[in-house]
2 protein chains.
Amino acid sequence: MSQRVPTVRDVAARAGVSVGTVSKALNNRGQLRDETRARVVAAARELGFRPNTLAQSLQSGRTYTVAVITTDRFGRFGNPLMLGVEDALGADRVSVFLCDTRDDPIREYHHAQTLDERRVDGIIVAGRRKQTRAPLAVASGVPVVYVIARSSDPSDFCVTTDDVGGGVLAGRHLLAAGRTRIGHITGPERFADPRERAAGLQQVLDEAGLSLAGGQVFYGEWSEDWGRRAAEMLLHAAPDTDAIFCGSDQLARGVVETLRDRRLRVPGDIAVVGFDNWEPMAAGCRPPLTTVDPNLREVGRVAATRLLDMIAGTPVEGGVETVPAWLMLRESTGVRLTEPPLGSN
Amino acid sequence: MSQRVPTVRDVAARAGVSVGTVSKALNNRGQLRDETRARVVAAARELGFRPNTLAQSLQSGRTYTVAVITTDRFGRFGNPLMLGVEDALGADRVSVFLCDTRDDPIREYHHAQTLDERRVDGIIVAGRRKQTRAPLAVASGVPVVYVIARSSDPSDFCVTTDDVGGGVLAGRHLLAAGRTRIGHITGPERFADPRERAAGLQQVLDEAGLSLAGGQVFYGEWSEDWGRRAAEMLLHAAPDTDAIFCGSDQLARGVVETLRDRRLRVPGDIAVVGFDNWEPMAAGCRPPLTTVDPNLREVGRVAATRLLDMIAGTPVEGGVETVPAWLMLRESTGVRLTEPPLGSN
DNA sequence: GTGCCGAAAGAAAACCTATTCCGAATGTTC
DNA sequence: GAACATTCGGAATAGGTTTTCTTTCGGCAC
């Protein structure tokens with residue numbers, strides 16, 4: 001038995017035809033007698049022939065590969081994103097290289113070089129924070145789509161989440177639930193994401209003629225502990241608070257814990273809304289957490305779809321495409337729905 | 001300006017040499033004058049030449065690509081694993097294809113076919129549970145390493161976590177902390193992982209002549225809610241329990257919540273040990289959770305290293321390689337260490 | 001100075017695998 | 001028997017690497 005992988009030549013020999021004919025037979029091209037075609041197909045099957053994609057790519061100039069470069073250390077935010085990317089790419093039999101830069105520009109550069117040499121059809125660059133970054137150092141002509149972190153080159157295309165809209169959703173939902181004294185606890189002020197979420201909430205409050213409970217946004221770290229401490233601070237500053245919008249589900253967990261320690265009922269006394277819809281965190285909370293889902297899977301799907309467009313030659317103009325968030329309703333805001341709600345924007 | 005990617009031919013023309021000479025110059029092979037070599041290198045740089053990996057692979061038979069097939073829907077367990085895989089692969093400039101089967105055998109089969117055609121050098125198949133699965137349907141000759149879920153073919157190689165050892169670590173640690181009435185709350189009995197963890201604990205108890213608090217292992221779902229309910233049950237059955245070993249950090253979170261509701265101090269009254277060392281869960285807990293780290297990153301590293309061995313032609317005999325777990329000490333067991341401890345087995 | 005040997009340098013060609021284009025051989029039709 | 005269609009072989013091609021072969025030159029003996 002031969003350990004060598006069979007090639008068209010082997011198939012040709014077995015079927016008693018030339019290599020060109022094998023190719024035509026297997027790809028349904030050219031003019032061939034049915035009998036010949038069948039003989040070739042049979043020979044290929046018998047040998048277990050699988051065409052070498054490398055050779056095909058060399059010929060066609062397309063590799064049917066796409067790379068996802070992430071700075072996220074394979075963090076949790078990348079998971080739903082990848083799911084969306086595969087949703088869009090899977091249908092096209094496009095394989096995906098996953099590269100993690102670990103936030104190191106050198107590693108990113110090397111990955112970019114390697115991908116260049118591999119002649120990937122396109123690249124998705126995913127940052128985990130909304131910021132502006134330098135364009136990827138890759139050969140001109142290779143389509144690149146940026147996700148969440150946008151490129152400093154305005155002609156590049158970027159897909160991102162709608163954090164302002166997420167804040168709006170949370171705010172509107174709390175107003176609709178009859179809350180009027182709404183506080184906000186969130187992550188570091190130096191990041192754009194928490195600032196935007198806060199802006200969304202503020203916008204809703206302004207429209208309703210309300211002001212923020214506690215008189216300020218409680219910016220801090222992305223930790224449960226800050227959630228616990230900030231909740232104490234908020235309740236000290238504004239004991240009559242009846243709702244808290246949290247910039248992440250982790251923060252919300254901490255907030256809920258403080259509320260329970262203080263014998264405050266959720267949502268009875270205070271309604272809580274999280275952000276991320278990070279399933280194990282949000283669903284495991286007691287009570288389960290109503291939370292803004294930034295729709296990362298859809299972000300990934302859109303990014304991959306646009307990338308495929310660009311690869312196909314469709315011109316995609318630069319700029320930012322924002323994917324609407326939606327609200328996952330659970331018990332922490334006291335509203336129960338049976339329909340899975342899709343947020344409008 | 002030419003949009004076409006430069007080839008060796010372009011470089012050769014610019015340097016005034018033949019294509020063969022270009023190859024030799026850029027790869028430091030053959031006999032060339034220093035002056036010639038320098039001229040070629042300069043020409044390549046000026047043109048921004050990047051060798052086409054596809055052509056190189058076609059020639060050499062090696063693609064320097066490896067695939068990771070996961071059934072995990074890009075779940076959290078895959079993240080540390082991927083990190084370990086990249087640790088080992090990155091040094092070799094090996095790129096990794098990430099394929100998610102979403103637990104669908106058809107998708108797995110298609111991925112396997114595609115990878116075959118792409119002539120990947122090797123494949124890592126990662127399941128998320130300890131079970132036996134059918135070998136991957138891939139061309140013979142392609143090295144495959146199984147992770148956690150092992151292949152039914154005993155000649156295949158598998159790397160997995162040490163769940164029994166993890167249970168032993170947790171048990172010994174609790175004994176060392178002076179606890180003697182230790183309960184165990186964990187996931188579904190039908191899975192091997194929780195059974196093994198329980199067996200590890202039982203082994204330690206047997207050695208010490210102790211028995212399980214509550215008289216049984218509390219098997220249930222992998223949810224915080226089960227942790228809360230099971231803790232109630234355990235405390236009802238054995239009110240003098242002074243330690244609880246949990247089969248996951250999520251369960252531990254639920255357990256700790258119940259304990260706090262009952263005004264029991266952790267670790268004062270009851271020490272708690274988790275499993276997974278899932279950072280956001282374990283560190284966010286109040287108090288932070290001592291937990292068994294199954295060392296998934298190391299599992300990934302070992303799997304990739306062995307795969308590279310197999311690719312290099314080193315014979316790797318079939319069987320299971322078990323990676324020791326270690327204990328992450330935090331406050332929920334009352335012991336504080338400054339050194340990051342590595343678990344021995 | 002001439003002739004010979006061998007080493008050095010680089011050109012030329014073969015090769016890796018599959019696709020595609022061109023043309024040759026065969027068969028069909030009027 | 002000429003025009004045309006059908007069927008398939010052969011060669012060129014993609015972009016590199018590697019092997020083979022040729023040219024050139026230095027060194028040395030006579």
Side-chain angles (χ1 to χ4, degrees), chain A residues 2-41 43-44 47-65 114 116-121 139 141, chain B residues 2-41 43-44 47-65 114 116-121 139 141:
Chain A
S2 83
Q3 267 298 53
R4 224 183 77 269
V5 207
T7 73
V8 269
R9 252 162 284 275
D10 301 316
V11 177
R14 178 161 193 126
V17 296
S18 74
V19 290
T21 303
V22 170
S23 177
K24 282 174 233 165
L26 296 179
N27 296 298
N28 274 314
R29 224 152 306 196
Q31 316 251 40
L32 267 71
R33 271 184 310 171
D34 289 349
E35 190 273 328
T36 308
R37 210 176 284 275
R39 210 167 67 240
V40 171
V41 170
L47 291 173
F49 169 75
R50 308 241 130 251
N52 186 325
T53 312
L54 302 169
Q56 292 176 322
S57 296
L58 195 54
Q59 172 74 18
S60 67
R62 277 208 55 180
T63 55
Y64 293 91
T65 57
T114 304
D116 243 354
E117 295 175 5
R118 289 196 187 283
R119 303 292 192 267
V120 295
D121 293 336
Chain B
S2 82
Q3 267 297 54
R4 225 182 78 270
V5 211
T7 73
V8 269
R9 256 159 278 274
D10 301 318
V11 177
R14 180 163 191 123
V17 296
S18 72
V19 290
T21 304
V22 171
S23 177
K24 282 177 229 163
L26 297 179
N27 296 298
N28 273 315
R29 222 152 310 194
Q31 317 248 44
L32 267 69
R33 269 183 310 173
D34 287 350
E35 190 272 328
T36 308
R37 212 177 284 276
R39 210 168 66 240
V40 171
V41 170
L47 291 173
F49 168 75
R50 308 242 130 252
N52 185 326
T53 311
L54 302 170
Q56 291 177 321
S57 297
L58 197 53
Q59 172 73 19
S60 67
R62 279 209 54 180
T63 55
Y64 292 92
T65 56
T114 304
D116 244 354
E117 294 175 6
R118 290 196 186 282
R119 302 292 191 269
V120 295
D121 293 336

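What you see is a predicted model, and the numbers here were worked out from it, not measured in a lab. Below, all heavy atoms of this structure are taken into account, side chains as well, without hydrogens, waters or symmetry copies. To find a chain, count down the sequence lines: A is the first, B the second, and so on, and within it residues start at 1.
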For B:T21, check side chain to side chain contact (heavy atoms under 4.5 Å, CB included) against everything at least two apart and list the hits. B:V17, B:S18, B:L32, B:T36
Evaluate the side-chain proximity of [Y] to [X]: yes if any heavy-atom separation is below 4.5 Å, no if none is.
X	Y	value
B:R9	B:V22	no
B:F49	B:L26	yes
A:T65	A:R118	no

Considering every strand and a 4.0 Å limit on heavy-atom distances, what is the contact class for [X]: base, sugar-phosphate, or nothing?
X	value
A:V17	sugar-phosphate
A:R119	sugar-phosphate
B:S57	nothing
A:R29	sugar-phosphate

Please state whether the phosphate of [N], meaning OP1 or OP2, lies under 4.0 angstrom from any side-chain nitrogen or oxygen of [X].
X	N	value
A:Q56	C:dT19	yes
A:S23	C:dT19	yes
B:R33	C:dA8	no

Whole-Å distance between [N] [atom2] and [X] [atom1]?
X	N	atom1	atom2	result
B:N52	C:dT17	CG	C1'	14 Å
A:Q31	C:dC21	CD	C1'	14 Å
B:K24	C:dA9	NZ	P	11 Å
B:L54	C:dT19	CG	C1'	15 Å
A:N27	C:dC21	CG	P	13 Å
A:L26	C:dT19	CG	C1'	12 Å
A:L32	C:dT20	CG	P	14 Å

Considering non-hydrogen atoms only, spot the tightest contact between [X] and [Y] and give its length.
X	Y	value
A:R50	B:E117	NH1-OE2, 2.9 Å
A:A43	A:R14	CB-CG, 3.8 Å
B:S57	B:T63	OG-CA, 3.4 Å

Return the 5'-most residue of the pair A:R50, B:R37 with respect to DNA chain C, ranking by each residue's nearest nucleotide. B:R37
B:R39 or B:L58, whichever maps to the more 5' nucleotide of DNA chain C: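 On the 5' side of the pair lies B:R39.
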What is the first contacted nucleotide of DNA chain D and what is the last, in 5' to 3' order, if contact means an atom lying under 4.0 angstrom from a heavy atom of chain A?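 Terminal contacting nucleotides, 5' to 3': D:dT7 to D:dG16.
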Of the nucleotides C:dC15, C:dA18, C:dA11, which has the atom closest to the A:V8 side chain? C:dA18
